[in-house]
Chemist: 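Structure incoming, see below.
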Amino acid sequence: MLDFLAARSGGDTYEAGLGVRRAVLGPAHVARSLDGATEFDRDFQRFITETAWGKVWTRPGLPRAMRSLLVLAITASLGREEEFKLHLRATRNTGATREEIAEALMQVAVYAGVPAANSAFRMAKAIFREEEAG
């Protein structure tokens, strides 16, 4: 019963989510997000850390690279460029390969439309060039 109540309080979920969020997005990004939080969005930062990172990304059903590819496909499909770029950069931490990313974007082309995939491929190529340049 105590374990159930502790999980409901969010303490363990928040800490677990914070760990995964740092591992995937990098400690510097997470620190900037949390340090930049104001009274206006502090609850939102806690919500995404607990819910997305602490309750979904910590589930055992999918490997981290697969979750990463799903996020890329969804954000590309929805035209969420900022999130797509953030999670594309995070693939260096998740283990998703460029070949897998390309395959995920091919799925986007078929199921969400060529324009969405075209835009995602363009952004990915630019980010890969940045990473290769140093």
Chemist: A side-chain contact here means heavy atoms from C-beta on lying under 4.5 Å apart; do S77 and F84 qualify?
Modeler: no

Chemist: Do you know which two heavy atoms are closest between D41 and T38, and how far apart they sit?
Modeler: OD1-N, 2.7 Å

Chemist: With no hydrogens and no angle check, just 3.5 Å: does a side-chain donor-acceptor pair link T49 and R21?
Modeler: yes

Chemist: Does atom CD of E132 have more than 12 heavy-atom neighbours, drawn from other residues, nucleotides or ligands, at distances under 6.0 Å?
Modeler: yes

Chemist: Taking T94's backbone N and O only, do any of them form a donor-acceptor pair with R64's side chain (distance below 3.5 Å, no angle check)?
Modeler: no

Chemist: CD/Q45 to CZ/F40 distance, rounded to the nearest 0.5 angstrom?
Modeler: 12.0 Å

Chemist: State, to 0.1 Å, how close L105 and A120 come at their nearest heavy-atom pair, and which atoms those are.
Modeler: CD2-CB, 3.7 Å

Chemist: Donor-acceptor pair, R80 side chain versus L78 backbone, under 3.5 Å?
Modeler: yes

Chemist: Just wondering, more than 12 heavy atoms not from M123 lying within 6.0 Å of its CE?
Modeler: yes

Chemist: Would M106 end up clustered with L69 when hydrophobic side chains under 4.5 Å apart are linked, directly or stepwise?
Modeler: yes

Chemist: Under 4.5 Å between side-chain heavy atoms, counting indirect links through other Ile/Leu/Val/Met/Phe/Trp/Tyr residues: same cluster for F121 and L86 or not?
Modeler: no

Chemist: Could you check if a side-chain atom of L18 sits within less than 4.5 angstrom of a side-chain atom of L34, using non-hydrogen atoms only?
Modeler: yes

Chemist: Rounded to the nearest 0.5 Å, what separates atom CG in L25 from atom CH2 in W53?
Modeler: 4.0 Å

Chemist: Please report the closest heavy-atom contact between A116 and A112, naming both atoms and the distance.
Modeler: CB-O, 4.4 Å

Chemist: Is the backbone of H29 close enough, under 3.5 Å, to the side chain of S33 for a donor and an acceptor to pair up by distance?
Modeler: yes

Chemist: Verify the cluster assignment for V108 and L72: are they in a single hydrophobic cluster under the rule of side-chain heavy atoms below 4.5 Å apart?
Modeler: yes

Chemist: Taking the side chain as C-beta and beyond, is there a heavy-atom pair between E103 and Q107 under 4.5 Å?
Modeler: no

Chemist: Take R42 and E39 through the test side chain to side chain contact (heavy atoms under 4.5 Å, CB included) and record every step on the way to the result.
Modeler: CA-CA 5 Å; R42 191 167 288 112; E39 188 175 324; 4.2 Å; yes

Chemist: How far does CD of E83 sit from CD1 of I74, to the nearest 0.5 angstrom?
Modeler: 11.5 Å

Chemist: If you take all heavy atoms of K55 and T13, which pair is closest and at what distance?
Modeler: CG-CG2, 3.5 Å

Chemist: Roughly how far, to the nearest 0.5 Å, is CZ of F128 from CD1 of I101?
Modeler: 4.0 Å

Chemist: Looking only at heavy atoms, which two atoms of S68 and H87 are closest? And how far apart?
Modeler: OG-O, 4.3 Å

Chemist: Any heavy-atom pair between the side chains of V24 and R67 that's under 4.5 Å?
Modeler: no

Chemist: Report yes or no: does T51 contribute a side-chain atom to a donor-acceptor pair with the main-chain N or O of I48 at less than 3.5 Å?
Modeler: no

Chemist: Strictly below 4.0 Å, N to O, side chains only: are R89 and E131 in salt-bridge contact?
Modeler: no

Chemist: Backbone N or O of V71 within a donor-acceptor pair of the T75 side chain at under 3.5 Å?
Modeler: yes

